[in-house]
Amino acid sequence: MPRWSFSLTATDANRWAIRLARLVTGRPKILVFNWCYHGTVDETFITLDADGATSREGNVGAPVDPAVTTRVVEFNDLDALDRELAHGDVACVLMEPALTNIGIVLPQPGFLDGVRELTRRHGTLLVNDETHTLSAGPGGCTLAWGLEPDLVTVGKAIAGGIAAVADRVAARRDADLVDTGGVGGTLAGNALSVAAMRATLEHVLTEDAFEHMTGLATRYTEGVQEVLDRCQVPWSIVQLGARAEYRFTAPAPVNGGQSAAAGDDELDDYLHVYLHNRGILLTPFHNMALMCPATTTADVDQHTEVFGAAVAELAGEGG
């Protein structure tokens, strides 16, 4: 990307992207996908129920009903996206190229191309939040899948995206882009953070590191799938580059609503405690594993063995 703006958190990066989109389009609303995750951005704590858009459970002290600021549709539903964008009031679609915080929900063939075509047709900017999907490779899904968003948020930074958008922002003389209306924050873009970011990009998130991590994630996925097949458990596992997660339903969900419905707190607790007691720590709030450059084949195989024992006990095959 030719232009970058640095913040301390991905949440701040997404807030900044939303402000930029509203600035250059003059539109008030954004659109997100059901059960997306974009940090603690107020506009994104919205979901769908039988009556339509509503605030997410636990969204305490919200400054305004998110239905006022945000439109929401299911992932992989282009007809719903077209319908909501047709109102002409959406500044940007803020999306993960694959849902990642409600299990991993991958885009169906043609979906991301359809999102890009519809956003362009309706004059809406497209923001790819790669904070989690960076697991797909050094350039996230944007590079790995050849996507063409207008802006990208990555980890703790936001890219000014396509030059045409950056130029539209720079051309404005009626907005304070440094303090009041900008990314703000006393420590945003500080020298230490920028140096750490550069070191990470140059020495950690390399092509070689991703080849190693993705290979291990594939081994992990294949091991879990073998356990599910052997024990005939109706669960599924989905991989996104160096990241993989199992979900208590099969086939794998195709949208956030389906994935949320597959949640099971008791099974989550059982697996986390079972694995923890045997030396394996999963992500505490769901069953996600993310490989890192220090992860080994032995680590992956240990999880497969312990996970297999846990599932076998559930299936009545163990002691």
Trp16/Leu151 under side-chain contact (heavy atoms from CB on, under 4.5 Å): CA gap, chis, key distance, verdict: CA-CA 11 Å; Trp16 183 212; Leu151 299 101; over 6 Å; no

Mark yes or no for whether [X], through its side chain, and [Y], through its backbone, hold a donor-acceptor pair below 3.5 Å.
X      : Y      : answer
Thr70  : Ala67  : no
Ser236 : Thr249 : yes
Arg243 : Thr100 : yes
Thr25  : Arg27  : yes
Thr304 : Gly223 : no
Thr124 : Val90  : yes
Asp129 : Glu96  : no
Thr206 : Glu202 : no

Considering only heavy atoms from C-beta outward, does the side chain of [X] approach that of [Y] to under 4.5 Å?
X      : Y      : value
Pro97  : Leu147 : yes
Val127 : Met95  : no
Tyr246 : Gln225 : no
Asp77  : Asn255 : no
Phe307 : Tyr220 : no
Thr214 : Gln239 : yes
Leu126 : Val115 : yes
Arg247 : Val238 : no

Quick one: do Leu134 and Leu205 satisfy side-chain contact (heavy atoms from CB on, under 4.5 Å)? Show the steps, please. CA-CA 9 Å; Leu134 190 62; Leu205 300 182; 3.8 Å; yes

Applying side-chain hydrogen bond (donor to acceptor under 3.5 Å, both in side chains), can you list everything that pairs with [X], at least two apart in sequence or on another chain?
X      : value
Thr133 : Glu130
His212 : none
Asp264 : none
Glu226 : Arg230

Inter- and intrachain pairs under salt bridge (Lys or Arg N to Asp or Glu O under 4.0 Å), touching [range], at least two apart:
range            : value
residues 280-294 : none
residues 39-51   : Arg22-Glu43
residues 277-305 : Arg219-Asp301
residues 109-124 : Asp82-Arg121, Arg116-Asp150, Glu117-Arg121, Arg120-Glu148

Can you confirm whether Asn277 is buried at CG, in the sense that more than 12 heavy atoms of other residues, nucleotides or ligands lie under 6.0 Å from that atom?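 Result for CG/Asn277: enclosed.
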
Tabulate below the donor-acceptor pairs under 3.5 Å that side-chain atoms of residues 28-37 make, not counting sequence neighbours, or state none.
| from | atom 1 | to | atom 2 | distance (Å) |
| --- | --- | --- | --- | --- |
| Asn34 | OD1 | Thr47 | OG1 | 2.6 |
| Asn34 | OD1 | Leu48 | N | 3.2 |
| Asn34 | ND2 | Glu74 | OE2 | 3.0 |

Can Cys141 and Leu240 be said to form a side-chain contact (heavy atoms from CB on, under 4.5 Å), step by step? CA-CA 9 Å; Cys141 294; Leu240 181 62; 4.1 Å; yes

Could you give the distance from [atom1] ([X]) to [atom2] ([Y]), rounded to the nearest 0.5 Å?
X      : Y      : atom1 : atom2 : answer
Asn101 : His38  : CG    : NE2   : 10.0 Å
Gln108 : Phe75  : CD    : CZ    : 9.0 Å
Ile102 : Gln258 : CD1   : CD    : 12.0 Å

Any residue meeting ring-ring contact (aromatic ring centres under 6.0 Å, His included) with Phe45, in chain and number order, not counting sequence neighbours: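 For Phe45 there are no ring-ring contact (aromatic ring centres under 6.0 Å, His included) partners, ignoring immediate neighbours.
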
Between Arg56 and Thr44, a side-chain donor and acceptor under 3.5 Å: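 No pair is found: no donor N or O on one side chain lies under 3.5 Å from an acceptor on the other.
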
Tell me whether [X] shares a hydrophobic cluster with [Y], the cluster being built from Ile, Leu, Val, Met, Phe, Trp, Tyr side chains joined at under 4.5 Å.
X      : Y      : value
Val204 : Val194 : yes
Leu228 : Val300 : yes
Leu81  : Ile46  : no
Val227 : Leu282 : yes
Val154 : Leu201 : yes

Return the minimal non-hydrogen interatomic distance between [X] and [Y], and the atom names on each side.
X      : Y      : value
Glu245 : Asn287 : CG-O, 3.1 Å
Val105 : Pro253 : CG1-O, 3.7 Å
Leu78  : Gly114 : CD2-C, 3.7 Å
Val152 : Thr142 : CG2-OG1, 4.2 Å
Pro107 : Trp145 : CG-CZ3, 3.7 Å
His303 : Leu275 : CD2-CD2, 3.4 Å

Could you walk me through whether Ile104 and Leu106 pass the side-chain contact (heavy atoms from CB on, under 4.5 Å) check? CA-CA 6 Å; Ile104 298 173; Leu106 297 177; 3.8 Å; yes

For residues 260-280, which residue pairs pass the ring-ring contact (aromatic ring centres under 6.0 Å, His included) check, not counting sequence neighbours?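 Matches after skipping sequence neighbours: Tyr270-Tyr274.
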
Tracing side-chain links under 4.5 Å among I, L, V, M, F, W and Y, which residues wind up in one group with Leu290?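 Via sub-4.5 Å side-chain contacts, Leu290 links to Met288.
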
